[in-house]
**Q** 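Got a structure here, written out as structure tokens. Questions coming.
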Amino acid sequence: MGEPGRALLVICGHRGNRGAPWADLGAVEEIPGACEFPERLVRLLRSHPADRGVLALCGVWALPEDVRVALRGAGKDPEAFFALDPWSGQDSEAGAERAALLIRAALARVRVWPGTVPANLAPYLPERLSRRTLLRFPPVAYRVVPRVERDRCRAADGCAACEGSCPVDALRVAEGRVVLDRTKCTGCAACVEACPHEAVVFPGYMGEEVAAHVEALLDPTVGPPGPRGIVYVCAGVPWDPSWDARWLPVPVACVSSLPVSWILAPLLRGASSVAVAPCACKRGEGARGVLEARLEFCRAYLGGLGLGERRIHGALLSVAPHEEPALPRCGDGEGTLFGTGPEAASRVLRLLADVAGRAAWVEHPASPLGLVEIDAGTCTGCGMCAARCPTDALSFVQDGEAVLRWDPARCTGCGQCTGVCPEIERGAIRARRAVDVAELRRGVRTVYREEVVRCVACGAPVAPRRMLERVTGLLGEDGRAWEEVLSWYCSECRALRGRGVGLEPEAGA
Amino acid sequence: MKALAAARHALYRFFGLVFLYPDPGRRARLRRLARALGAEKAVRGLAFFPVWRASWERLQQNLGEGLEEVYLRIFDLTGRRGGCSLCESGYRDASWQAAAELQREYREAGVQPKGPEPSDHLSVELEYLAVLVAREAREWEAGTAGVEEILRRQRDFLRAHPCAWVPELVVRVREHDPTGVYAAAAEALEAFLEHEGDLTELLLRQVGKVELAR
């Protein structure tokens with residue numbers, strides 16, 4: 001028996017023996033006939049002190065519902081038990097080595113399992129209820145869905161970046177809160193990447209899990225030699241034996257909305273190529289086309305850097321991973337490469353450019369980053385774009401000067417800034433979905449700077465000079481009469497002292 | 001489904017009892033109810049069961065006389081706004097509105113709250129839901145004809161009342177409860193109510209599809 005909190009490894013009695021390469025992995029239990037007699041498995045899982053584990057069983061890719069119910073009844077999180085058949089279609093000696101690698105990676109993943117809370121579990125009922133169904137105990141089953149972490153969510157500040165992302169309209173922003181209808185949610189994960197603050201928590205689709213899994217699969221000290229390819233697959237879907245065994249599977253809740261950073265990051269950690277198996281779970285049916293566009297962006301970016309667009313594969317998994325040597329491993333100490341927000345994407349894209357020793361400029365609708373251009377001659381420095389920016393890529397400070405700064409590593413090109421700009425028709429701001437490596441390397445920069453006029457009465461800032469000029473210009477002939485009132489006093493002093501035109505500054509001001 | 005409804009009925013009664021003043025009689029009833037719920041297969045498979053179990057274990061450890069003092073220290077029985085009130089009116093802008101709406105709801109459903117607790121007390125709202133779920137269980141037995149109306153009433157009541165203010169109650173209990181006992185119970189209740197909201201919605205969508213042929 002393992003220690004409490006430790007991961008349990010259950011090996012099918014058909015395959016297991018203690019001399020096998022997984023003997024050193026901690027609590028290993030062999031259950032003869034675990035595949036055919038789930039009650040033996042249930043007995044072990046209920047009584048074992050481990051709260052998470054890997055179940056390596058022949059032909060089992062998802063935990064049976066009765067095992068889940070039993071685990072829940074024992075106060076355990078059934079989703080923390082990862083089922084896989086690492087031997088599927090691999091009976092050779094190399095197959096055993098690969099199986100050991102897959103088991104190690106699954107263990108590395110369950111060790112960082114974030115845990116599900118009831119808000120992550122959406123109940124569902126059989127498609128058709130019959131009297132027979134009604135007699136089952138209970139007739140309700142669950143699927144894991146995302147939840148929104150209120151502490152991280154910025155909906156109260158006006159962010160609505162996730163709202164349009166849901167293909168089944170399960171998500172809406174109301175009264176400064178994101179409301180998710182779990183009964184509608186399919187778990188396609190489109191909202192996860194749409195949230196620039198990483199406030200959507202979706203166990204089975206978290207960056208830390210995927211990073212741990214990929215890192216373990218690419219550990220050069222274990223497993224078979226030769227190039228390794230990472231293939232993302234929908235969780236619970238069996239391995240297709242026609243696929244080349246050099247592809248190493250990383251299951252995620254659904255592949256249909258896979259972030260660009262996840263597609264490209266394995267190339268920086270030792271994978272010669274990355275593939276995404278076609279969505280087989282049907283959760284992402286509403287998000288059709290999203291993945292294809294992202295894969296296309298990744299290929300265009302790698303092509304632009306001269307790193308080989310063939311490193312990114314679509315559905316053709318019967319072919320071997322790319323034979324070209326893997327890129328040099330990098331990214332240690334750089335922060336996570338497997339985040340879902342813009343910072344992780346910019347890190348991955350910049351590191352790839354560093355490896356290539358080149359710069360690239362790629363404009364694409366699926367680009368995870370964006371470019372904002374400010375026409376400093378037209379911008380009046382109102383700061384509304386910065387107030388609206390959901391990622392704080394634009395920040396505005398008004399003190400002695402009005403300063404607008406832009407961070408290319410945070411910009412997603414969402415265009416919300418252009419929607420609020422009062423000078424948009426004069427071309428003050430432009431946003432596009434594009435990556436410019438030169439901008440990423442340059443980092444945060446000032447895109448607008450202007451002197452701020454101060455109140456002659458109290459010294460408080462009034463507005464940037466250009467804004468005042470623009471307002472008086474718009475007022476036309478009348479503007480000249482208003483000019484002094486507008487540019488001499490802050491709004492407070494204007495309200496206190498002003499009675500319209502003719503206001504004079506205090507003597508000595 | 002009848003067994004599931006019966007289990008849900010017991011859960012509503014359990015939570016209703018948890019948030020009443022824990023005199024010795026109620027503490028004994030809680031123990032009996034929890035024992036029965038823990039052994040109930042229909043409850044053990046539900047998503048929030050691990051949370052319910054953890055909260056019960058915590059409550060059970062503190063189920064002595066000291067719990068009465070803890071209860072009085074946490075909950076504001078005067079219904080003052082901003083305090084940790086167990087009444088819905090402590091969480092609504094127009095405090096009179098909740099009581100009026102609830103009186104109308106109970107009257108329409110043909111029930112009359114007994115006891116000293118106000119009509120918008122958490123335990124009264126939960127007891128009312130227990131009554132509706134008990135009716136639902138009877139309707140499942142008779143067929144599905146009357147189930148839809150009862151489910152709709154449950155769903156609408158959940159949305160308009162406990163689901164609208166219990167999340168804020170959880171925040172306030174966490175702030176006021178140094179022992180964590182009632183905070184855990186409130187969190188378990190929130191999980192249960194969310195689950196009830198989902199379940200009634202799902203059942204409503206599918207109740208018309210039940211094949212009655214044997």
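In the text below, chain A, chain B and the rest are named by the order of the sequence lines, each starting its count at 1.
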**Q** For a side chain to side chain contact (heavy atoms under 4.5 Å, CB included) check, start with the C-alpha distance between A:Val140 and B:Leu4, then their side-chain angles and the critical distance, and finish with the verdict.
**A** CA-CA 9 Å; A:Val140 190; B:Leu4 180 62; 3.8 Å; yes

**Q** Between B:Glu194 and chain A, with a heavy-atom cut-off of 4.5 Å, which part of the residue counts as in contact: side chain, backbone, both or neither?
**A** both

**Q** Taking 4.5 Å as the heavy-atom cut-off, does anything in residues 149-170 of chain A contact chain B, and if so which residues?
**A** A:Arg150

**Q** Quick one: list whatever passes ring pair (Phe, Tyr, Trp, His ring centres under 6.0 Å) with B:His195, sequence neighbours left out.
**A** A:Tyr142, B:Phe48

**Q** Taking A:Arg72 for the side chain and B:Gly45 for the main chain, is one N or O donor matched with an acceptor at less than 3.5 Å?
**A** yes

**Q** Heavy-atom count check: over 12 atoms from other residues, nucleotides or ligands less than 6.0 Å from B:Arg13 CZ?
**A** no

**Q** Count the heavy atoms belonging to other residues, nucleotides or ligands that lie under 6.0 Å from CD of B:Glu168, then report whether that count exceeds 12.
**A** yes

**Q** Using a heavy-atom distance cut-off of less than 4.5 Å, which residues of residues 172-203 of chain A contact chain B?
**A** A:Asp181, A:Arg182, A:Thr183, A:Lys184

**Q** Only pairs of heavy atoms separated by less than 4.5 Å count here; which of A:Ala119, A:Pro78, A:Gly75 has the most with chain B?
**A** A:Gly75

**Q** Of all residues at least two apart in sequence or in a different chain, which pass the side chain to side chain contact (heavy atoms under 4.5 Å, CB included) check with A:Val60?
**A** A:Leu57, A:Ala83

**Q** For A:Ala74, is it the side chain, the backbone, both, or neither that has a heavy atom closer than 4.5 Å to a heavy atom of chain B?
**A** backbone

**Q** Using every non-hydrogen atom in the two residues, find where A:Pro123 and B:Leu202 come nearest and quote the distance to one decimal.
**A** O-CD1, 2.9 Å

